[in-house]
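Working notes for the structure below.
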Amino acid sequence: MADKKAYLKIDGIEETIELPVMQGSEGPDVVDVRALTSEGLFTYDPGFVSTAACESKITFIDGGKGVLLHGGYPIEELAEKSDYMEVCYLLLNGELPTPEQKEKFVSTVKNHTMIHEQLSHFYNGFRRDAHPMAIMCGVVGALSAFYHDSLDIDDAHHREVCAYRLVAKMPTLAAMSYKYSNGQPFMYPRNDLNYAENFLYMMFGTPCEEYVPNPVVAKAMDRIFVLHADHEQNASTSTVRLAGSSGANPFACIASGIAALWGPAHGGANEAVLTMLDEIGSVENIPDFINKAKDPNDPFRLMGFGHRVYRNFDPRAKVMKVSCDEVLKELGLEDDPMLKMAKELERIALEDDYFVERKLYPNVDFYSGIILKAIGIPTNMFTVIFALSRTIGWISHWSEFHSSPNRIGRPRQLYTGPSKRSYPG
Ligand code: SDX
């Protein structure tokens with residue numbers, strides 16, 4: 001319907017305020033409230049529960065139906081039929097690549113996987129037991145020192161080169177953050193391996209002997225990359241967009257996304273799920289922890305459960321659960337006690353009124369940690385892998401922001417502090 005309007009009547013203001021209502025191709029209409037400032041009004045929406053901060057064409061989520069589309073393609077179909085390199089192309093360009101376009105994209109990424117030798121010295125500044133997410137915040141931000149001058153963010157080609165560099169170098173930097181923690185030598189990327197195989201090689205290979213990535217593990221790794229690639233305006237992506245709105249260097253913007261993702265309420269949840277399952281210890285203890293999660297006076301929450309947008313199953317969690325069963329069976333770990341406990345925890349929670357009433361379902365982080373643990377990834381690397389996967393989403397949104405006229409993001413506030421007063425004396 002053309003020119004839909006919203007009408008706002010406010011006590012004390014004579015005239016009715018007329019606001020345009022904008023319609024997208026999918027999802028809720030939005031009320032354009034920009035005119036309210038001239039009426040001396042702000043909107044108030046802590047946590048941005050009902051705020052559309054931007055227009056985007058990249059990803060659509062229907063939280064009520066548990067739908068996630070990238071460029072219109074359902075995540076379930078991409079997880080089954082596509083791969084991470086193809087999804088990276090889709091998120092950046094809005095269309096799936098032709099075979100020729102994909103071949104060129106993969107080849108270009110492969111030619112950017114090495115990092116400047118100077119950058120490897122940054123790792124030595126960290127303690128060996130530094131959390132790898134702390135290292136990633138540092139070294140990814142440091143990339144801006146290596147490419148600062150060759151970057152015009154208003155030039156589409158420069159933005160594309162940034163995307164290639166980041167997608168290509170994140171696995172190298174991530175694997176190095178793991179190798180640094182165990183004292184093994186950094187492994188240089190290999191262009192004869194695909195993206196997931198190369199990451200596993202850099203993580204678990206050593207100069208002493210040949211390392212051949214397990215194809216089942218590599219496929220599971222690639223699927224995990226696909227499932228974490230992008231997710232609309234989540235906290236870390238919104239952070240990248242806001243940082244980008246000041247014109248900041250894209251590598252610094254991605255570092256801000258890594259920092260935001262680290263929190264246990266966001267990407268840090270996959271690591272927190274494993275810590276929680278370890279703490280629960282056995283199926284018999286599950287009821288006690290469910291009660292803790294329901295207790296309003298207890299800060300404990302069921303990690304891997306709930307979501308700001310999904311009021312249904314997170315479609316990624318459903319794919320991850322199937323993949324979990326497949327991978328653990330392939331690896332002869334189908335009796336993994338952690339998996340059994342996770343499934344029992346999910347069953348009990350989904351039957352409990354507290355979770356049902358609040359529409360709390362497993363999210364992407366609930367099963368991912370169990371697969372990652374099964375394929376040998378240490379728990380403190382789980383969020384690093386989330387950051388590695390989500391880099392394409394972050395840089396796609398950063399690039400989309402800079403591809404059209406934009407303004408610096410600058411939210412306002414409801415001020416409840418002291419009114420003007422004079423300095424005493
Ligand atoms: C990710 O945004 C994204 O898209 C993020 C993400 C992505 O791909 O980028 O999907 C990735 O971050 C997934 C979420 C991972 N986080 C966790 O698994 C941590 C556990 N979950 C919660 O912290 C929580 O559910 C959030 C942070 C995910 C969502 O928080 P909201 O939307 O602010 O929900 P809320 O805190 O307002 O909760 C509503 C109610 C509250 O109870 P009441 O006050 O109404 O009585 O539900 C309760 C909450 O206490 N609740 C939970 C709970 N999550 C919400 N109670 C127990 N356990 C939980 N996990």
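Note that ligands are numbered from 1 as they come in the structure, with each ligand's atoms numbered from 1 the same way.
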Say whether, by atom type as modelled, one donor and one acceptor occur between the side chain of Asp45 and the main chain of Thr51 under 3.5 angstrom. yes
Run the contact test for Pro264 against ligand 1 with a 4.0 Å cut-off on heavy atoms, strictly below, and give the result.
yes
Atom 4 (O) of ligand 1 has as its nearest protein heavy atom His231 ND1, 2.5 Å
Report task. Answer with yes or no whether Gly47 contacts ligand 1, where contact means a heavy atom under 4.0 Å from a ligand atom. Result -> no
**Item:** Test item: Asn291 side-chain N/O and Pro287 main-chain N/O as donor-acceptor pair under 3.5 Å
**Value:** yes
- Item | Sub-3.5 Å N/O-N/O distance, Arg390 and ligand 1 | yes
Would atom 44 (O) of ligand 1 count as contacted, meaning some protein heavy atom under 4.0 Å? no
Sequence neighbours excluded, the answer for side-chain hydrogen bond (donor to acceptor under 3.5 Å, both in side chains) partners of Glu357 is none
* Would you check whether Tyr354 reaches within less than 4.0 Å of ligand 1, judged by its heavy atoms? => yes
Atom 8 (O) of ligand 1 has as its nearest protein heavy atom Arg316 NH1, 2.6 Å
Atom 14 (C) of ligand 1: closest protein heavy atom, distance to 0.1 Å, is Asn363 ND2, 3.5 Å
Query raised in the report: Hey, is atom 34 (O) of ligand 1 under 4.0 Å from any protein heavy atom?
Result: no
Those residues at least two apart in sequence (or on a different chain) that pass salt bridge (Lys or Arg N to Asp or Glu O under 4.0 Å) with Arg128 are none
Closer than 4.0 Å: a protein non-hydrogen atom to atom 50 (O) of ligand 1: yes
Worksheet entry | Donor-acceptor under 3.5 Å (Lys4 side chain, Met22 main chain) | no
Q.
With the threshold set strictly below 4.0 angstrom, can you tell me whether any protein non-hydrogen atom sits that near atom 26 (C) of ligand 1?
A. no
| Going by heavy atoms in the side chains, are Phe199 and Leu388 under 4.5 Å from each other? | yes
With no hydrogens and no angle check, is any side-chain donor or acceptor of Thr391 less than 3.5 Å from a backbone partner on Ala387? yes
Exercise for the section: May I ask you to establish whether Arg412 and Phe42 are in a cation-pi arrangement, using a distance under 6.0 Å from NZ or CZ to the six-membered ring centre and at most 45° from the ring axis? Expected result: no
Notebook entry, point to check: Is atom 39 (C) of ligand 1 close to the protein, meaning a heavy atom under 4.0 Å from it?
Noted result: no
